[in-house]
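Only one structure is covered here, and it is reproduced in the block below.
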Amino acid sequence: MKTIGVLGGMSWESSLDWYRLANERVRDRLGGYHSAPILLDSLDFAAIEALQAAGDWDAAGRILAEHAQRLEQAGAGIVVLCTNTMHIVADRIVDALTVPFLHIGDTTAEAIIAQGLTTVGLLGTAFTMEEPFYRDRLADHGLSAIIPEVDDRAQVHRIIYDELVHGVVEEHSRTVYQRVIARLVDAGAEGIILGCTEIELLVGQSHSPVPVFPTTAIHVAAALDAAGL
């Protein structure tokens with residue numbers, strides 16, 4: 001049984017869900033007083049968000065790699081990053097570790113393949129939707145990802161940063177997401193990736209006519225499996 005090293009805080013709202021889901025699943029699997037052996041390094045999101053806005057991925061990568069190393073040095077046997085967007089620097093993290101790093105794009109792809117789908121809609125921050133790192137990772141698994149049109153991408157991104165990372169959940173915003181999902185389905189999406197961990201605070205399966213893939217929940221389950229829990 002390995003201790004899971006978690007890079008969190010980006011934002012802490014979704015990191016809280018990652019931690020809660022991990023412990024709930026261990027409780028349900030093992031019973032009794034069991035909980036998940038986790039080392040959580042919660043970063044200050046303000047510093048990371050500033051680097052995102054500046055497009056300074058090199059600096060962001062250095063920071064996350066350093067924090068990942070600290071988790072390994074503290075005893076983590078596997079490391080995860082509980083944010084989709086910052087997987088843009090996943091290679092930097094992998095290079096800094098000698099223990100396994102569990103990529104959220106891989107765990108999501110495996111869940112999609114398990115349902116027999118090949119084309120999915122991708123919701124997330126503008127970085128996740130527009131930069132190639134996430135779609136390329138899915139393509140490595142033989143999957144095709146459709147992203148929303150420009151105006152829809154702007155709305156999806158705004159709601160994440162102006163509302164969800166602050167714990168604000170608005171019914172109007174849920175309606176906006178449902179309309180975006182409908183347009184992705186019309187464009188050929190057989191399923192929808194909730195490709196920002198905060199989106200799961202707003203949207204679930206009941207809000208989509210096709211299967212949704214909640215990346216936080218999927219990532220948690222895969223991390224526990226990998227840790228032998």
Side-chain angles (χ1 to χ4, degrees), residues 5-21 38-71 79-97 101-105 108 122-137 145 147-148 150-170 172-174 176-177 180 193-203 214-220:
V6 177
L7 286 168
M10 299 165 281
S11 69
W12 69 261
E13 290 283 351
S14 60
S15 300
L16 178 64
D17 264 6
W18 205 105
Y19 181 79
R20 176 183 57 80
L21 287 170
I38 288 174
L39 290 169
L40 172 60
D41 189 346
S42 186
L43 283 73
D44 179 4
F45 186 44
I48 300 300
E49 190 278 333
L51 294 174
Q52 290 176 342
D56 193 349
W57 301 112
D58 285 341
R62 286 194 300 272
I63 291 170
L64 293 189
E66 289 170 3
H67 282 263
Q69 285 180 324
R70 293 178 193 175
L71 287 170
V79 172
V80 300
L81 174 60
C82 55
T83 160
N84 284 271
T85 296
M86 294 312 298
H87 276 74
I88 196 169
V89 298
D91 289 348
R92 295 289 296 271
I93 297 171
V94 171
D95 289 344
L97 295 171
F101 174 77
L102 190 64
H103 196 294
I104 201 167
T108 301
L122 175 60
L123 299 178
T125 65
F127 311 111
T128 299
M129 292 185 290
E130 295 172 2
E131 298 290 337
F133 73 99
Y134 207 95
R135 284 174 287 144
D136 285 352
R137 196 79 181 196
I147 61 173
V150 173
D151 289 346
D152 283 346
R153 294 200 301 270
Q155 286 277 71
V156 168
H157 181 88
R158 180 193 63 77
I159 289 167
I160 291 169
Y161 276 85
D162 290 354
E163 299 174 16
L164 298 180
V165 300
H166 302 294
V168 176
V169 178
E170 299 283 358
H172 170 73
S173 297
R174 182 174 289 116
V176 170
Y177 269 64
V180 174
I193 297 174
L194 307 183
C196 176
T197 46
E198 283 83 14
I199 293 176
E200 291 163 64
L201 302 174
L202 182 69
V203 174
T215 52
T216 300
I218 292 167
H219 200 212
V220 165

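- For Ala47, the side chain to side chain contact (heavy atoms under 4.5 Å, CB included) criterion is met by no residue, not counting sequence neighbours.
- The side chain to side chain contact (heavy atoms under 4.5 Å, CB included) test applied to Val168 returns Glu163, His166, Glu170, not counting sequence neighbours.
- For the pair Leu64 and Met10, the minimum side-chain heavy-atom distance is below 4.5 Å.
- Residues Ile93 and Leu7 are in side-chain contact: their nearest non-hydrogen atoms beyond the backbone lie under 4.5 Å apart.
- In this structure, CG in Asp17 is found 10.0 Å from CH2 in Trp12, a value given to the nearest 0.5 Å.
- Here the side chain of Thr197 pairs no donor or acceptor atom with the backbone of Thr83 at under 3.5 angstrom.
- Contact annotation: the side chain of Thr215 approaches that of Glu200 to within less than 4.5 Å [non-hydrogen atoms, C-beta and beyond].
- Asp152 meets the salt bridge (charged side-chain N to carboxylate O under 4.0 Å, His left out) test with Arg183; sequence neighbours excluded.
- Between the side chain of His219 and the backbone N or O of Leu102, at least one donor-acceptor pair lies under 3.5 Å.
- To the nearest 0.5 angstrom, Leu16 atom CG is 10.0 Å from Leu40 atom CG.
- The shortest non-hydrogen separation linking Glu13 to Leu164 is CG-O, 3.8 Å.
- Taking both residues in full, the closest heavy atoms of Gly8 and Ser15 are given as CA-OG, 3.4 Å, listed atom of the first, atom of the second, then distance.
- When all heavy atoms of Ala145 and Leu122 are compared, the pair lying nearest together is CB-CB, 4.4 Å.
- Remark: Thr125 pairs with Thr85, Phe127, Thr128, His157, Ile160, Tyr161, Cys196 by the side chain to side chain contact (heavy atoms under 4.5 Å, CB included) rule, at least two apart or across chains.
- Summarising the geometry, atom CD1 belonging to Ile48 is positioned 5.5 Å from atom CE belonging to Met86; distances are rounded to the nearest 0.5 Å.
- Minimum interatomic distance between Val169 and Arg174 (heavy atoms only, all atoms of both residues): CG1-NH2, 3.6 Å.
- Under a 4.0 Å N-O distance rule, the pair Arg92/Asp95 does not qualify as a salt bridge.
- Atom SG of Cys82 and atom NE2 of His87 lie 9.0 Å apart (nearest 0.5 Å).
- Ile88 is linked by a side chain to side chain contact (heavy atoms under 4.5 Å, CB included) to Trp57, Glu131, Phe133, counting only residues two or more places apart in sequence or in another chain.
- Tyr177 places a side-chain N or O within 3.5 Å of a backbone atom of Val156 that can act as its donor or acceptor partner.
- Looking at residues two or more places apart in sequence or on another chain, you find a side chain to side chain donor-acceptor pair (under 3.5 Å) between Gln155 and Arg158.
- Looking at Arg135 and Ile147, their side chains come closer than 4.5 Å, going by heavy atoms from C-beta outward.
- The number of heavy atoms from other shown groups lying within 6.0 Å of CZ (Phe101) is above 12.
- Remark: Asn84 CG to Arg137 CZ distance equals 12.5 Å, nearest 0.5 Å.
- In summary, of the residues considered (Val180, Leu202, Ile199), a side-chain contact (heavy atoms from CB on, under 4.5 Å) with Ile159 occurs for Leu202 alone.
- If you take CH2 on Trp18 and CG on Leu81, they are separated by 10.5 Å, rounding to the nearest 0.5 Å.
- Here the side chain of Ser14 pairs a donor or acceptor atom with the backbone of Ser11 at under 3.5 angstrom.
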